Amino acid sequence: MINQELAKIFNDIARFLRIENVAFKPYAYEKAAISLEDLKDDVAQIYIQGGRKALEEISGIGKAMSDHIEEYIKTGKIKLYEEFKKGLPVNMDELTRVEGLGPRKVKVLYQKLGIKNLKDLEKAAKKHEIAPLFGFGETTENNILQGIEFLKHSKGRSLLQDILPVAREVLKVLEQLKEVQRASLAGSLRRRKETIGDVDFLVVSKNPKKTMDFFVALPGVQKIWGKGGTKASVHVKGGFDMDLRVVPEKSYGSALQYFTGSQAHNIATRKIAIDKGLKLSEYGVFKGSKQIAGKTEEDVYKAIGLPYVEPELREDQGEIDAALHGALPKLIELKNIKGDLHVHSNWEEADGGKSSIETLAKQAMELGYEYIGISDHTKDLKVETSLNEKQLLQENEYIKKLNAKFLAEGQKFRILHGCEANIRKDGSIDIDDDVLEKLDYVIASVHSVFKMDKSQMTNRIEKAMQNPNVDIIGHPTGRIVNQREEYQVDFDKILKIAKETGTILEINSSSRLDLRDLYIRRAKAEGVKMVINTDTHQKNQMYLMEYGVAQARRGWAEKDDIINTLPVEQLLKNLK
DNA sequence: GCCGTTTTCGGCCCGACTGTTTTCAGTCG
C-alpha cells in the first residue's frame, strides 16, 4: 500500500508550504493526507481500476492531488516534492517530531547551521550553537535537547490497552481531590483509538493551582513540560505525555467536546455552528458575545442542532451527516456481551500462565456471562496445548461432564466447546470434518504463510468459509497493532462469501484488534454478523473484552451486529 | 487546493502558550 507513503509526502509538502507562508494550501494537503491515511483500499488499485476519476471521488482529492498521485504511481516520485526537498534537504518529518520545533525553525536551523536531521540537531545544541540564533535562545536550546531525549525514550504511540488502565488510576486520584468537582479523560483515549499519543485529563477545580501542583508531582513524572494558568503537561516514565486542563464549570461540556476531538470532528462541528450564526469554542457556544451553551456536551450538541455524538464516532467519517439526519447508530455496549467464544485453556490442569477450563468458566461467571466457548489451538500449530482429533473428543467429554456438574449445582451457565483450527495454505482445515461436526462451533484462522498474493489468500479463506463446519473466521486480516501489517486479502470478496455462507467474522480484542474499525463498518453495511472475542491465552485476559467492544463501537456496530450478545440458544441457531 | 441541500467563487476552526524580536511569530492541540 502506497497510501501511507503518499500521506507522508503530502504532510511534508504542507510543511514546506507553511514555511513559504502560502495560505490555505497546507490545509488542503493535510486534509488529503488524512484522507489517504484513513483509506482502507490501496490508492494504486483505485487508480488502476477507476483512473483519475475514481481518485477524485476520494474526499480531499481534487485535480492537483490526483495529478500527484498518478505521478507517484507512474514514476515513484512527485516533482513538486523533489523540488521542495532540493531547496531544503532535511528530514522534515523527523525534526518536527521534536516538541517545539516546527517547519519554520527547521528552515532557520538548516540555513544557519546546516542541520539536516536529529543527529545534527543534537550536536549543535550540545555545542550551544542554537541559543545565539535570532529567534532562538537558551530556553529553546534546552527544550530541544530535552525534546530529543524524550524522543529517544518514547515508544511512539502506545497501545490503548496498555495506557487506559494507567490513565484510569490517575483519573481516580484526581477525582478524589477535595477541590476537584468534575474530572474526565479526553482526547484519543476517550475516543478509544487503537493507539494513544498522549493522555488528556480535564477537570473542574475550586483551586486550579493546587490541582496542577498535585498533577505535576504525581509519581512517575520525569519532566514538567509546561505549566500555565489552565494547563499542565508532563512527561512520564514509559515514554508518554500527560496533559491536564482545568476549566470553569460553565465551560466543562464545551471543553470536553473540544479536548476529546478529533480535530476533524471539531472543525466540522464549528462549521455547523458558523452556518447557524453561532461560534463554538472550548469556552462554549456563543451567539454574539452571549454564551448559550457549554456546561454539558449534550447542551453543546443541542445548541448547534445535533443529537449527542458518542466519542468513538467523532472522526468526521460521516457521523455529522448521520447526526443531522437522525441516523446515528445505537452503539453496542460492554454490558450487552453474554459470552466469550475465543478462549484458550490448558484443558485439564492449571499450568504456567494458562488456566483450566473450570477456572476460566468461573472467571466468565464473575464477568456476568451466560456462557464461555473454549477454543484451543489444533494440531498444525505446534504449541504445547494444540489438540489433535482424539484430544478434541476427550476435551469434549470433559466439558460435557463439567456442564452436567454446573447443572446439578443449579448454575445457569454453559461451557460451549469449539476449537481454533488452522486454515492451511490450500484452504483446508487441519481437523477432520467428522470431529469438527461434533463441536458446538469452529473458529478457523490463518496462522502461517501470511505472504501470499491477494487472490490466493482470498481463495484460501473463501474455501475455509465454504466448509459447513466453520462458523467463525478468527482475526480475519492477520494484523497485530504496532507489530504486523495485515495480509493481502480482497475484503469485499470475503464479506460477500461470509454473507452467502453465513460465516461470522471475529473482532479480536487482543493487541490484534482485528477486524479494524473501518472493516467493521463495512461488514455491518453488508449485513455480515460479527463476534467480539478476547483470544484469551493467559490468566485474566478475559477483561480485554472491553477493547473489542470499543473497536466495534468505533466501527459503528450495534448490538444486533454482534452474535455474542445473544442468549446461548439463539447464539447456537445463528451458527451454521 | 478543495468544495458546495443557500455558493462553480469565495470562503477555509479557534484559541493558548512560549520565548523573545517587547508586539508578535511559531507551535501546539
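Quick caveat: nothing in here was measured; it's all calculated off a predicted structure. First the proteins, then the strands, lettered A, B, ... as listed; each starts at 1.
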J.: Separation of A:L55 atom CG from B:dG1 atom P, in whole Å?
T.: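 About 16 Å, once rounded to whole Å.
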J.: If you only use heavy atoms from C-beta on, which nucleotide in B:dC2, B:dC14, B:dA16 is closest to the side chain of A:A28?
T.: B:dC2
J.: Round to a whole Å and report the spacing from CG of A:L36 to C1' of B:dG1.
T.: 14 Å
J.: Are a donor atom and an acceptor atom from the side chains of A:Q161 and A:S511 found within less than 3.5 Å of each other?
T.: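 Judged by distance alone, the side chains do not pair up.
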J.: Provide, to the nearest angstrom, the distance between the CG atom belonging to A:D275 and the P atom belonging to B:dT5.
T.: 11 Å
J.: Quick check for you: among B:dC12, B:dC2, B:dC17, whose closest atom lies nearest to any side-chain atom of A:M65?
T.: B:dC2
J.: By salt bridge (charged side-chain N to carboxylate O under 4.0 Å, His left out), which residues pair with A:R15, not counting sequence neighbours?
T.: A:D12, A:D93
J.: A:K63 near the nucleic acid: base, sugar-phosphate alone, or nothing, with a heavy-atom cut-off under 4.0 Å?
T.: sugar-phosphate
J.: Is B:dT5 in the syn or the anti form, by the rule that syn lies within 90° of 0?
T.: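 Here B:dT5 takes the anti form, which means its glycosidic angle is more than 90° from 0.
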J.: Please check the phosphate of B:dC2 (OP1 and OP2 only) for any side-chain N or O of A:Y29 closer than 4.0 Å.
T.: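 Negative; the distance criterion is not met.
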J.: Using atom P of each nucleotide, how far apart are B:dC3 and B:dC13 to the nearest Å?
T.: 14 Å
J.: Just wondering, are more than 12 heavy atoms of other shown residues or ligands nearer than 6.0 Å to NZ in A:K454?
T.: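 Result for NZ/A:K454: enclosed.
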J.: Is it true that the NZ or CZ of A:R314 lies under 6.0 Å from the centre of A:Y308's six-membered ring and within 45 degrees of the ring axis?
T.: yes
J.: Return yes when atom NZ of A:K295 has more than 12 non-hydrogen atoms of other residues, nucleotides or ligands closer than 6.0 Å, and no otherwise.
T.: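 Open: at most 12 neighbouring heavy atoms sit under 6.0 Å from NZ of A:K295.
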J.: Taking atom C1' of B:dC13 as reference, at what distance in whole Å does atom CD1 of A:I304 sit?
T.: 12 Å
J.: CD of A:Q257 versus C1' of B:dC14: gap in Å, rounded?
T.: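 Roughly 12 Å, once rounded to whole Å.
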J.: On a whole-Å scale, what distance lies between the P atoms belonging to B:dT22 and B:dG26?
T.: 15 Å
J.: Tell me what A:S59 touches on the nucleic acid: a base, only sugar-phosphate, or nothing, going by heavy atoms under 4.0 Å.
T.: sugar-phosphate
J.: Which base, if any, makes a Watson-Crick or G-U wobble pair with B:dT8, both distances under 3.5 Å?
T.: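 Pair assignment: B:dT8 / none.
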J.: Expressed in angstrom and rounded to an integer, what is the separation of A:I274 atom CD1 from B:dG10 atom P?
T.: 19 Å
J.: With a 3.5 Å distance limit and no angle check, can you tell me whether A:S251 reaches the backbone of A:S254 through a side-chain donor-acceptor pair?
T.: no
J.: Salt bridge (Lys or Arg N to Asp or Glu O under 4.0 Å) with A:E312: which of A:R191, A:R190, A:R553?
T.: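 So, applying the salt bridge (Lys or Arg N to Asp or Glu O under 4.0 Å) to A:E312 and each of A:R191, A:R190, A:R553, only A:R553 qualifies.
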J.: Give A:F24 one of three labels, base, sugar-phosphate or nothing, depending on what nucleic acid heavy atoms sit under 4.0 Å from its own.
T.: base
J.: For B:dT8 and B:dC14, measure between their C1' atoms and round to the nearest Å.
T.: 28 Å
J.: What integer number of Å spans the P atoms of B:dT23 and B:dC28?
T.: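 25 Å, rounded to whole Å.
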J.: Tell me the closest heavy-atom pair linking A:A7 and A:L36, and the distance in Å.
T.: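 Looks like N-CD1, 4.1 Å.
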J.: Expressed in whole Å, how much space separates the P atoms belonging to B:dG11 and B:dA16?
T.: 25 Å
J.: Just by protein heavy atoms under 4.0 Å, how would nucleotides 19-29 of chain B read 5' to 3' in B, S and -?
T.: SSB----SSSB
J.: Would you say B:dG11 has OP1 or OP2 under 4.0 Å from some side-chain N or O of A:K271?
T.: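 Answer is no, no contact under 4.0 Å.
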J.: Given atom CD of A:E56 and atom P of B:dC3, what is their separation to the nearest angstrom?
T.: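 The answer, rounded to whole Å, is 9 Å.
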J.: Rounding to the closest angstrom, what is the interatomic distance between B:dT20 and B:dT27 at atom P?
T.: 13 Å
J.: Whole-Å distance between B:dT6 P and A:K276 NZ?
T.: 10 Å
